[in-house]
Protein chains: 2
Amino acid sequence: MSVPPGQADSADFIPCAHDYQVSCGNCRLNAICLPLALESEDIDQLDRIIQRSKPLQKSQHLYRQADEFESVYAVRSGALKAYRTTDDGREQVTGFYFPGEILGFDGIGNNAHASSAKALETSAICEIPFSSLQKLSSLMPNLQRHFFQLMSREITEDQQLITLLSKNSADERVAALMLSISTRNARRKLSATQFRLPMSRVDIGNYLGLTVETVSRVFSRMQKLSILRVDNKEIEILDPAGLRHMANLSH
Amino acid sequence: MSVPPGQADSADFIPCAHDYQVSCGNCRLNAICLPLALESEDIDQLDRIIQRSKPLQKSQHLYRQADEFESVYAVRSGALKAYRTTDDGREQVTGFYFPGEILGFDGIGNNAHASSAKALETSAICEIPFSSLQKLSSLMPNLQRHFFQLMSREITEDQQLITLLSKNSADERVAALMLSISTRNARRKLSATQFRLPMSRVDIGNYLGLTVETVSRVFSRMQKLSILRVDNKEIEILDPAGLRHMANLSH
DNA sequence: GCGGCGTCTTGATACACGTCAAGACAAGCG
DNA sequence: CGCTTGTCTTGACGTGTATCAAGACGCCGC
């Protein structure tokens with residue numbers, strides 16, 4: 001297996017032939033992924049259970065809805081979307097996941113994944129087998145607490161999305177998503193004002209409960225107002241305050 | 001403190017002068033709340049940390065958004081709603097909680113409650129201090145697993161609501177809520193076809209991302225189609241199959 | 001380079017639900 | 001009892017977003 005060429009656009013990817021052997025201790029994302037006061041002894045234990053064998057190509061699945069639940073996953077580079085398929089065959093995108101973020105928690109409840117996860121671009125993944133994680137959590141109270149917190153935050157974020165879908169206009173929804181991506185970029189020490197969207201307009205619309213056309217129109221409107229510069233998937237936030245205003249206050 | 005009079009409409013309430021001293025071992029809801037293979041020894045340990053001191057009157061708060069997070073709570077009788085207040089002062093109902101169900105998980109993430117919880121009618125509550133729960137979880141792998149599962153299910157349910165809000169019509173949303181309440185009633189060995197809604201039309205609309213007027217019109221429509229009999233908060237499901245059809249397939 | 005095929009944009013039209021308004025009903029209280 | 005207040009219902013109308021349709025753009029293989 002050779003190292004895929006042209007990782008230039010993936011700032012989180014560590015260009016090293018044996019990159020899948022990085023440990024949590026030296027991973028530059030650990031401040032996001034594991035902001036814990038763990039002894040290096042503890043980190044070693046964690047390292048031992050984590051598997052880093054899965055570089056995922058664009059549009060490949062990490063797991064599928066109804067698959068048996070075995071692990072949760074941390075994104076090391078790239079980006080993923082999670083989505084569920086309803087009884088009548090339609091899809092609902094439930095989240096986008098960027099480097100340092102963890103997905104798969106929705107599978108614990110019934111021992112089967114409640115959603116599917118698909119790579120939006122070439123992505124490197126850390127797999128964390130849940131049974132090992134449970135054992136380790138019993139021994140390391142910090143770790144147990146950390147995973148309770150991660151799940152709790154997922155709940156909080158879902159509730160924010162619920163509010164967004166329930167109460168906000170198309171403009172507000174798109175603005176909120178742009179701000180969310182901007183914030184998450186900043187957390188990874190990337191530009192908060194310039195980035196490339198890994199997902200399509202269809203995915204954005206699906207996630208926000210809007211049609212592609214509406215999303216497109218909102219982007220055009222924002223561009224006309226000089227809040228954003230939009231060049232296909234390339235986004236530049238020209239007026240952060242205006243964007244925040246558009247997301248929150250405008251009724 | 002005297003026992004409140006007139007609990008006749010609250011089927012889950014155990015009419016006993018010292019009812020706040022029931023233990024998990026003999027609580028008739030434990031199959032829902034704690035479906036665990038726990039030794040009676042373990043149950044005793046759990047009993048010891050749980051506090052049952054809080055009978056809540058209608059419209060009283062169990063906790064408020066931004067309150068310090070200390071406990072999660074199990075509903076013993078009555079019903080509650082959880083809601084968050086957005087920056088611009090509007091409210092979003094994020095869930096309804098019935099006997100046997102546990103709420104408060106959204107507070108773990110940042111050590112502060114991310115939502116408020118308010119009693120929709122007189123309710124009895126079991127308080128489970130989270131720090132004790134964490135310690136106990138480390139000792140009892142089953143218990144740890146159980147709470148991971150509960151949180152995971154909360155995530156799954158939130159995602160179902162996201163899908164509902166994002167993809168479904170007013171008819172479908174209301175139908176889905178009625179089915180959800182029906183199912184949860186059945187789980188508690190109550191009628192799946194006849195029940196009294198503890199929440200107002202405003203709450204329903206808020207939860208489902210609809211106005212009161214729309215909710216009311218949907219109920220009228222359902223009544224005209226002989227799917228439901230609606231008498232203010234009293235609901236009778238006349239045509240369960242029709243209701244299911246209305247919730248799922250109709251487009 | 002050129003053709004083909006997604007993805008994205010833009011415009012015209014339709015409709016589901018929101019908004020506004022008024023009346024009906026229920027509950028609490030002097 | 002009648003008054004008040006809040007909740008619920010029903011109707012008429014307006015609007016934001018979906019839908020339908022067509023064209024523009026970008027990407028890839030040949």
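Quick note on labels: first sequence line is chain A, next is B, and so on, each numbered from 1. Since the model is a prediction, treat every value here as computed from it, not as a measurement.
Between A/Arg221 atom CZ and C/dC8 atom P there is a gap of 18 Å when expressed in whole angstrom units. As rounded to whole Å, 16 Å separates atom P of D/dG6 from atom CG of B/Asp203. The CE-C1' distance, from A/Met222 to C/dT9, rounds to 16 Å in whole Å. In this structure, B/Leu165 atom CG and C/dC17 atom C1' are separated by 14 Å, rounded to whole Å. Following rounding to the nearest Å, B/Asn206 (CG) and C/dG18 (P) show an atom-to-atom distance of 12 Å. Rounded to an integer number of Å, the gap from CG of B/Leu208 to C1' of C/dG18 is 15 Å. Between the NZ atom of A/Lys167 and the C1' atom of C/dC17 there is a distance of 14 Å, rounded to whole Å. In this structure, A/Gln223 places its CD atom 15 Å from P of C/dC8, rounding to the nearest Å.
Closest to the B/Asn232 side chain, of the nucleotides C/dC8, D/dC8, D/dT17, is D/dC8. Of the candidates D/dA21, D/dT10, D/dT17, the closest approach to any side-chain atom of B/Ser216 belongs to D/dT10. With D/dT9, C/dC8, C/dG18 as the choices, the nucleotide that has an atom nearest any side-chain atom of B/Arg201 turns out to be D/dT9. In this structure, of D/dT17, C/dC17, D/dC20, it is D/dC20 that holds the atom nearest to the side chain of A/Glu213. Nearest to the side-chain atoms of A/Arg217 among the listed nucleotides D/dT19, D/dT9, C/dT9 stands D/dT19.
Every pair passing ring-ring contact (aromatic ring centres under 6.0 Å, His included) that includes a residue from residues 168-212 of chain B is listed here, sequence neighbours excluded: B/Phe96-B/Tyr207.
Taking the six-membered ring wherever Trp is involved, the centroid distance between the rings of A/Tyr73 and A/Tyr63 falls below 6.0 Å.
The residue among B/Val212 and A/Asp171 whose nearest nucleotide of DNA chain D lies closer to the 5′ end is B/Val212. Ranked by how close their nearest DNA chain D nucleotide is to the 5' end, B/Phe219 and A/Val215 are led by B/Phe219.
Here the side chain of B/Asp239 pairs a donor or acceptor atom with the backbone of B/Gly242 at under 3.5 angstrom. With hydrogens and angles disregarded, a donor-acceptor distance shorter than 3.5 Å links the side chain of A/Arg173 to the backbone of A/Leu208.
Contact annotation for A/Gly209: backbone-only contact, meaning every heavy-atom pair under 4.0 Å involves sugar-phosphate atoms and none involves a base.
At D/dT9, none of the side-chain N or O atoms of B/Ser220 fall inside 4.0 Å of OP1 or OP2 (strictly under the cut-off). Between A/Thr211 and D/dA18 there is a side-chain N or O to OP1 or OP2 distance below 4.0 Å.
Listed by chain and residue number, A/Thr156, A/Glu157, B/Arg84 satisfy the side chain to side chain contact (heavy atoms under 4.5 Å, CB included) test with A/Gln160 (two or more places apart in sequence, or in another chain).
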